[in-house]
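Take a look at the structure below.
So you know, we letter chains A, B, ... as the sequences are listed, proteins then strands, and number each from 1.
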Amino acid sequence: MATRCRIAPSPTGPLHIGTARTALFNFLFARHVGGTFVLRIEDTDVARSTLGNERDILEGLHWLGITWDEGPEVAGQPARGPYGPYRQMQRLDLYRTASDRLLSEDKAYPCYCTPDELAADRAAQEATHQPPRYVGRCAHLTAEQRRAREAEGRRPAVRFRVGEGVVAFDDLIRGHVEIDTTALGGDLVIVRSNGTPLYHFTVCVDDAAMAISHVIRGEDHLSNTPRHILLFRALGADVPTFAHLPLILNADRSKMSKRKSQTAIDDYRAEGFIKEAIVNYLALLGWSPGTEEEIFSLEQLGERFELERVHSGGAVFDRERLEWLNGQWIRRLPDEDLVERVLPYLVTRLEERRAEGATVHMPSGDDIVPLLPLVRERLPLLGSIADLVDFLFVDELAVEPALLVPKRWDVATTAAALGDARQVIADVGSISFEADELEAGLRALVDARGWKAGDLFMAIRVAITGRTATPPLFDTLVALGLERALARLDAAREALEDLT
RNA sequence: GCCCCCAUCGUCUAGAGGCCUAGGACGCCACCCUUUCAAGGUGGAGAUCAGGGGUUCGAAUCCCCUUGGGGGCACCA
């Protein structure tokens with residue numbers, strides 16, 4: 001039997017961290033065993049599903065490099081795979097056929113209960129501390145009773161007979177699990193009274209129809225599994241193998257949610273997390289290689305990943321660790337690649353500056369390449385580029401005068417020192433404007449005056465960048481250029497006059 | 001309430017009876033490097049393996065109970 005697994009996202013929200021992780025594990029599993037990875041859209045919740053969400057999910061997965069072997073048509077690309085269509089709303093006739101069959105075999109029955117009746121049942125059960133459960137009012141109606149209800153104009157839902165007994169299965173991650181059907185809440189609705197099918201039913205019909213051999217999903221579905229097994233059996237289908245992944249948790253250890261955590265992949269992407277880091281981090285959330293390695297590309301993960309090495313406890317999402325991995329991966333990117341990824345963030349910052357009225361020089365990739373050695377080790381996020389180099393591309397530099405004065409110096413000393421430094425820099429610049437030359441000249445000045453190098457360098461740093469934390473000073477001077485460096489030093493001295 | 005799952009440093013985890021006076025990583029602290037910030041290097045604090053019973057010559061590892069946490073119990077997915 002061919003190994004086939006799937007991710008079945010519901011377009012009721014943008015791509016969620018948890019969905020991405022489940023997709024990743026399915027993808028890696030398929031890669032590792034040479035199986036087929038299927039993507040199916042579960043859009044039967046028409047009220048909440050949107051096309052925008054669907055696009056966000058598909059694009060997000062694609063961006064991460066999680067590609068599927070079979071799936072629906074997207075953006076001009078035709079659907080792929082022999083089991084289509086891969087959108088549930090296009091498979092309604094299949095569910096209809098399946099439910100008709102269950103109905104005719106009396107494995108399911110029409111239920112005429114009204115929402116009010118069901119709510120009353122539940123309230124009564126709650127009052128007596130009973131678990132919620134369908135009371136079975138319509139389970140054994142005679143043909144005549146059904147006709148009577150139809151005559152009243154009631155539209156029936158379809159309920160699946162759960163039956164009695166214990167359902168057992170062997171979960172690849174959790175081992176042997178047994179659940180008594182009495183704990184299942186009674187017969188479940190598989191088709192709404194408006195004719196649209198429900199999740200528990202559609203997953204089983206589709207997994208069966210698409211010959212899914214391995215269902216790898218979140219632990220939140222563990223309790224639903226017996227219901228699914230019963231449905232597979234009723235449908236006359238093979239029961240797939242299950243593997244329930246540990247949940248990703250909020251800091252308080254509850255299931256990760258939008259309320260308590262940042263859950264949209266796209267938000268992380270916008271901040272400047274790169275796909276390599278996200279994939280790497282997500283894989284390590286629940287899976288471990290069993291060695292002390294931790295930097296893995298998507299391809300390497302595919303080689304190493306095994307469900308047997310997924311452990312069963314939930315995992316708190318740790319943004320600090322993600323950031324660390326992000327820095328690791330950013331350091332590993334080739335120059336051209338890094339430039340391309342970082343440029344949009346710089347441009348966005350500069351556009352903001354321009355909107356504020358600043359004169360801005362929009363950089364091209366070629367302008368960024370020489371800066372790479374200065375910033376590469378300083379980028380926890382792609383977006384961090386802006387704070388590091390924006391002052392190179394903006395004419396107006398807002399310098400806080402007080403910042404110019406090092407702790408050990410007073411205003412007069414600082415002003416004089418900046419004047420001396422200006423002279424040295426101008427002299428060096430007239431010959432060759434290079435980092436080594438600048439450093440030698442300025443250190444000589446420091447020695448001649450008996451200063452601490454750090455004091456002079458900090459004063460210059462603030463004068464030319466407006467900041468106290470920057471890439472290395474001499475490289476920054478070179479990147480700025482002689483003329484602008486001198487101009488900023490002059491402006492700084494003028495600013496100091498206001499302090500006296 | 002009922003059912004199911006889970007339980008090793010703050011966090012992610014290694015550990016599948018003796019190799020564990022529990023290893024790694026993130027974060028944290030210190031030192032080194034150093035013009036700032038990073039990065040890197042070295043060292044450190046940090047887990048009586050939730051608690052209690054067993055089984056065994058021997059248990060973080062197996063069993064049971066307790067506790068704690070989580071998930072599920074919709075005409076949501």
>> Strictly by Watson-Crick or wobble contacts shorter than 3.5 Å, is anything paired with U56(B), and which nucleotide is it?
In response: none
> So, is Lys255(A) close to the G72(B) phosphate, meaning a side-chain N or O under 4.0 Å from OP1 or OP2?
Replying inline: yes
> Which of these nucleotides, G1(B), C4(B), C12(B), is closest to any side-chain atom of Ser223(A)?
Replying inline: C4(B)
>> Closest-nucleotide mapping onto RNA chain B: is Asp43(A) or Leu222(A) further toward the 5' terminus? I mean the 5' end.
In response: Leu222(A)
>> U13(B), OP1 or OP2 - any side-chain N/O from His311(A) closer than 4.0 Å?
In response: yes
> With both distances under 3.5 angstrom, what nucleotide forms a Watson-Crick or G-U wobble pair with U36(B)?
Replying inline: none
> With a 4.0 Å cut-off on heavy atoms, is Arg309(A) in touch with a base, just the backbone sugar-phosphate, or nothing at all?
Replying inline: sugar-phosphate
> Taking NZ, NE, NH1 and NH2 as the nitrogens, is one of them in Arg449(A) or Asp455(A) under 4.0 Å from a carboxylate oxygen of the other?
Replying inline: no
>> Tell me the interatomic distance from Asn280(A), atom CG, to C12(B), atom P, rounded to whole angstroms.
In response: 17 Å
> Rounded to the nearest 0.5 Å, how far apart are CZ of Arg461(A) and CG of Leu403(A)?
Replying inline: 11.5 Å
Provide a list of protein-nucleic acid N or O atom pairs under 3.5 angstrom, restricted to nucleotides 45-47 of chain B.
none

>> Would Arg21(A) and Phe25(A) count as a cation-pi pair here, with the cationic atom under 6.0 angstrom from the ring centre and within 45° of the axis?
In response: yes
>> Testing the basics here: between Phe201(A) and Ser99(A), what is the closest heavy-atom pair and its distance to 0.1 Å?
In response: CZ-N, 3.6 Å
>> G71(B), OP1 or OP2 - any side-chain N/O from Arg174(A) closer than 4.0 Å?
In response: no
> Where along nucleotides 28-41 of chain B does protein come under 4.0 Å, by heavy atom, of base (B) or sugar-phosphate alone (S), with - for untouched nucleotides?
Replying inline: -------BBBBSS-
> Considering only side-chain heavy atoms of Ile179(A), which listed nucleotide, C4(B), G72(B), G1(B), is closest?
Replying inline: C4(B)
> Within less than 4.0 Å of OP1 or OP2 of G71(B), is there a side-chain N or O belonging to Arg217(A)?
Replying inline: no
> Does Arg159(A) have a side-chain nitrogen or oxygen under 4.0 Å from the phosphate oxygens OP1 or OP2 of A74(B)?
Replying inline: no
> For RNA chain B, whose closest nucleotide is more 5', that of Asp252(A) or that of Ala157(A)?
Replying inline: Asp252(A)
>> Looking at every non-hydrogen atom in both residues, tell me the closest pair between Asp187(A) and Ala139(A) and how far apart they are.
In response: OD2-CB, 4.3 Å
>> Taking the ring of Phe457(A) and the ring of Phe474(A), is the distance between their centroids below 6.0 Å?
In response: yes
> Would one find more than 12 heavy atoms of other residues, nucleotides or ligands at under 6.0 Å from atom CD of Glu126(A)?
Replying inline: no
> What pair of heavy atoms forms the shortest contact from Ile425(A) to Leu482(A), and how long is it?
Replying inline: O-CD1, 3.8 Å
>> My understanding is that a pair needs two contacts under 3.5 Å, Watson-Crick or G-U wobble. By that rule, which nucleotide pairs with C19(B)?
In response: none
> What interatomic distance, in whole Å, is found between C1' of U11(B) and the corresponding atom of G69(B)?
Replying inline: 16 Å
> Is the His228(A) ring parallel, tilted or perpendicular to the Tyr199(A) ring (thresholds 30°, 60°)?
Replying inline: perpendicular
>> Taking any heavy-atom pair under 4.0 Å as a contact, classify Ser10(A): base, sugar-phosphate, or nothing.
In response: sugar-phosphate
> Looking at Arg321(A) and Glu294(A), does any basic side-chain N land under 4.0 Å from a carboxylate oxygen?
Replying inline: yes
> Between the base of C6(B) and the side chain of Ser312(A), is there a donor-acceptor distance below 3.5 Å?
Replying inline: no
> For Phe296(A), is the NZ or CZ atom of Arg304(A) found under 6.0 angstrom from the centre of its six-membered ring and inside 45 degrees of the ring axis?
Replying inline: no
> With both distances under 3.5 angstrom, what nucleotide forms a Watson-Crick or G-U wobble pair with A7(B)?
Replying inline: U67(B)
> What does Ser254(A) touch in the nucleic acid at a heavy-atom separation under 4.0 angstrom: a base, only the sugar-phosphate, or nothing?
Replying inline: sugar-phosphate
> Which base, if any, makes a Watson-Crick or G-U wobble pair with C49(B), both distances under 3.5 Å?
Replying inline: none
> Considering only side-chain heavy atoms of Leu285(A), which listed nucleotide, C6(B), C5(B), C12(B), is closest?
Replying inline: C12(B)
